[in-house]
Chemist: 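What follows is a single structure, and I will ask about it in a moment.
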Amino acid sequence: MRLTHALPVPVVALTLAGSALAGCGSPHAPAPPAAVTAPAPAPAESNPAGDIPDDQAYVTYRADSGGFTLKVPEGWSRTDAANGDVTFTDKLNRITAHTAAATAPATAQSVNASVVPVLRGQVPGFTAGEVTTITRPAGTAVLLTYQGDGPVDPVTGKAVRDSFERYAFFHSGRETALTLSGPVGADNVDPWRTVTDSLRWQ
């Protein structure tokens with residue numbers, strides 16, 4: 001014979017009540033905390049290739065001829081050519097100073113007539129820009145802008161497209177031409193202004 005043991009009624013009632021309470025939240029109980037979503041990290045700043053840092057330091061270069069001084073970025077490599085040109089470079093940017101005897105200041109007409117044809121034959125992929133007259137502390141200069149292909153990278157076999165600014169200054173029977181260049185798209189307006197503003201005659 002199978003024996004069946006029944007729970008006392010109060011015990012059954014308490015068991016059912018406890019199950020009901022477990023399944024229902026108290027109206028006064030705090031809601032579970034909402035999931036906190038961390039803010040997305042700010043995207044890393046990406047500067048175009050060739051941008052000179054805003055905190056770039058400059059040092060004063062004194063021409064061997066003693067004719068002028070110029071501020072150039074600190075840490076750049078210096079190369080002296082046999083014709084007296086001096087060039088300062090980092091990985092992608094370049095500053096060249098060329099001085100020669102001159103009987104008169106350059107003009108927009110003389111630059112278009114004599115300088116542009118020479119550059120067209122020397123600079124691969126040369127494309128002329130504008131010729132304007134600007135003023136700097138060292139005096140009036142004729143500014144020629146143009147583009148050209150830089151040296152071919154021996155690893156990739158590709159050449160960077162460069163933007164050039166050539167400033168022709170005149171002082172005491174000599175012309176000093178400053179040519180500044182860097183990759184097209186690099187924002188070096190302020191550094192190039194620092195360099196050209198710093199020219200001083202000695």
Chemist: Taking CD in E130 as the centre, count heavy atoms belonging to other residues, nucleotides or ligands within less than 6.0 Å. Is the count above 12?
Modeler: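 Open.
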
Chemist: Do Y167 and V111 share a hydrophobic cluster, counting only Ile, Leu, Val, Met, Phe, Trp and Tyr and linking them when any side-chain heavy atoms are less than 4.5 Å apart?
Modeler: no

Chemist: Holding to side-chain hydrogen bond (donor to acceptor under 3.5 Å, both in side chains), I want the full list of residues that pass it with S181, two or more places apart in sequence or in another chain.
Modeler: none

Chemist: Scan side-chain atoms only and decide if T79 and R94 contain a donor-acceptor pair under the 3.5 Å cut-off.
Modeler: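 Per modelled atom types, T79 and R94 side chains form no pair under 3.5 Å.
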
Chemist: Could you list all the salt bridge (charged side-chain N to carboxylate O under 4.0 Å, His left out) pairs where at least one residue sits in residues 185-194, not counting sequence neighbours?
Modeler: R193-D197

Chemist: Is there a side chain to side chain contact (heavy atoms under 4.5 Å, CB included) between L178 and L70 once you walk through the steps?
Modeler: CA-CA 10 Å; L178 301 179; L70 186 72; 3.9 Å; yes

Chemist: Within the side chain of S114, is there an N or O that forms a donor-acceptor pair under 3.5 Å with the backbone of S110?
Modeler: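 Judged by distance alone, yes, a pair lies under 3.5 Å.
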
Chemist: What do the steps show when you test L199 against R136 for side chain to side chain contact (heavy atoms under 4.5 Å, CB included), and what is the final call?
Modeler: CA-CA 8 Å; L199 180 65; R136 292 290 188 266; over 6 Å; no

Chemist: Strictly by ring pair (Phe, Tyr, Trp, His ring centres under 6.0 Å), give each pair with a member in residues 101-139 just once, sequence neighbours left out.
Modeler: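 Non-adjacent pairs meeting ring pair (Phe, Tyr, Trp, His ring centres under 6.0 Å): F126-Y146.
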
Chemist: Is there any salt bridge (charged side-chain N to carboxylate O under 4.0 Å, His left out) pair reaching into residues 68-88, and which pairs are they, with sequence neighbours excluded?
Modeler: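 Counting only pairs at least two positions apart or across chains, the salt bridge (charged side-chain N to carboxylate O under 4.0 Å, His left out) contacts touching residues 68-88 are D64-R78, R78-D80.
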
Chemist: Looking at A49 and A186, what are the two nearest heavy atoms and their distance?
Modeler: O-CB, 3.5 Å

Chemist: Return the set of residues passing ring pair (Phe, Tyr, Trp, His ring centres under 6.0 Å) with H171 (not counting sequence neighbours), or none when no residue passes.
Modeler: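 H171 satisfies ring pair (Phe, Tyr, Trp, His ring centres under 6.0 Å) with W201 only.
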
Chemist: Under 3.5 Å, is there a donor-acceptor pair between the side chain of N93 and the main chain of G50?
Modeler: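 Checking the backbone N and O of G50 against the side chain of N93, a donor-acceptor pair under 3.5 Å is found.
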
Chemist: Assigning hydrophobic clusters by single linkage (Ile, Leu, Val, Met, Phe, Trp, Tyr; side-chain heavy-atom cutoff under 4.5 Å), is L92 placed with L180?
Modeler: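 No, L92 and L180 fall in different hydrophobic clusters.
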
Chemist: With sequence neighbours left out, which residue pairs that include part of residues 62-89 fulfil the ring pair (Phe, Tyr, Trp, His ring centres under 6.0 Å) condition?
Modeler: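 Passing the test, one end in residues 62-89: Y61-F88.
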
Chemist: Hey, does the side chain of T96 reach the backbone of T179 with a donor-acceptor pair shorter than 3.5 angstrom?
Modeler: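 Pair absent, no side-chain N/O of T96 close to backbone of T179.
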
Chemist: Shortest non-hydrogen contact from F170 to A102?
Modeler: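 In this case the closest contact between F170 and A102 is CE1-O, 3.5 Å.
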
